[in-house]
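What follows is one structure encoded as structure tokens, with my remarks underneath.
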Amino acid sequence: MKKAHKMDIKTSKIELVKMILNIENDTFINKVTEFINNEKSDFWNDLSLEEQAEIKKGIEQLNRGDGKSYKEVLKRIS
């Protein structure tokens, strides 16, 4: 079943490329390009440097075994 699904995806991609090649509308092509670029966007790049630093700090703490349980976090913020 997976193999058939992969072939469907490949066929769909080919058909999509064929359709795009036949389009002469610059505005439409720009919108499609923008959509594809946005889909590839990694949320990490949308975070501020401070947010990235806090996440990295949290990962380092977890890797050291300094993590807190969900209950401890809830107790702390309540």
Side-chain angles (χ1 to χ4, degrees):
M1 190 68 168
K2 275 188 173 182
K3 196 171 190 177
H5 180 66
K6 278 189 177 185
M7 187 55 112
D8 290 341
I9 295 289
K10 287 182 181 183
T11 302
S12 295
K13 287 180 181 182
I14 291 168
E15 292 302 316
L16 182 58
V17 169
K18 286 179 184 177
M19 286 188 287
I20 291 172
L21 288 172
N22 289 320
I23 294 171
E24 299 296 330
N25 183 324
D26 289 343
T27 303
F28 179 79
I29 296 297
N30 289 334
K31 286 181 181 180
V32 170
T33 301
E34 184 179 327
F35 175 78
I36 291 170
N37 288 335
N38 287 339
E39 286 297 306
K40 292 188 305 185
S41 176
D42 185 347
F43 83 93
W44 183 259
N45 298 326
D46 295 333
L47 298 175
S48 70
L49 294 177
E50 292 81 17
E51 291 168 324
Q52 290 177 5
E54 285 297 315
I55 291 170
K56 287 177 183 177
K57 179 180 171 185
I59 291 170
E60 289 170 5
Q61 289 172 338
L62 288 173
N63 288 339
R64 287 193 312 263
D66 295 337
K68 305 287 184 211
S69 74
Y70 181 69
K71 286 184 180 182
E72 288 175 299
V73 173
L74 283 180
K75 193 182 295 184
R76 182 175 171 205
I77 63 173
S78 300

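Only a predicted model underlies this, so the values are computations on that prediction, with no experimental measurement involved.
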Q: Using the test side chain to side chain contact (heavy atoms under 4.5 Å, CB included), find all partners of E60 that sit at least two apart in sequence or belong to another chain.
A: R64
Q) Is it the case that one hydrophobic cluster holds both I55 and I77, taking links as side-chain heavy atoms less than 4.5 Å apart, direct or via other members? A) no
Q | Value rounded to 0.5 Å, distance of CD in Q52 from CG in N45 | A | 7.0 Å
Q) Do you know which of N25, V32, T33 makes side chain to side chain contact (heavy atoms under 4.5 Å, CB included) with I29? A) T33
Q) If you link I, L, V, M, F, W and Y whenever their side-chain heavy atoms are under 4.5 Å apart, who else ends up in the same group as V17? A) L21
(Q) Please enumerate all residues that pass salt bridge (charged side-chain N to carboxylate O under 4.0 Å, His left out) together with E15, with sequence neighbours excluded. (A) K18
**Q.** L62 reachable from Y70 in the ILVMFWY side-chain graph, under 4.5 Å edges
**A.** no
Q. Applying the 4.5 Å side-chain criterion to the ILVMFWY set and letting contacts propagate, would F28 and L16 be lumped into a single cluster?
A. yes
Q | Residue pair W44 / K56: nearest heavy atoms and the distance that separates them | A | CZ2-CE, 3.6 Å
Q) How many angstroms lie between OG in S48 and CD in E54, if you round to the nearest 0.5 Å? A) 9.0 Å
Q) Atom CD in E51, atom CG in L49: separation rounded to 0.5 Å? A) 9.5 Å
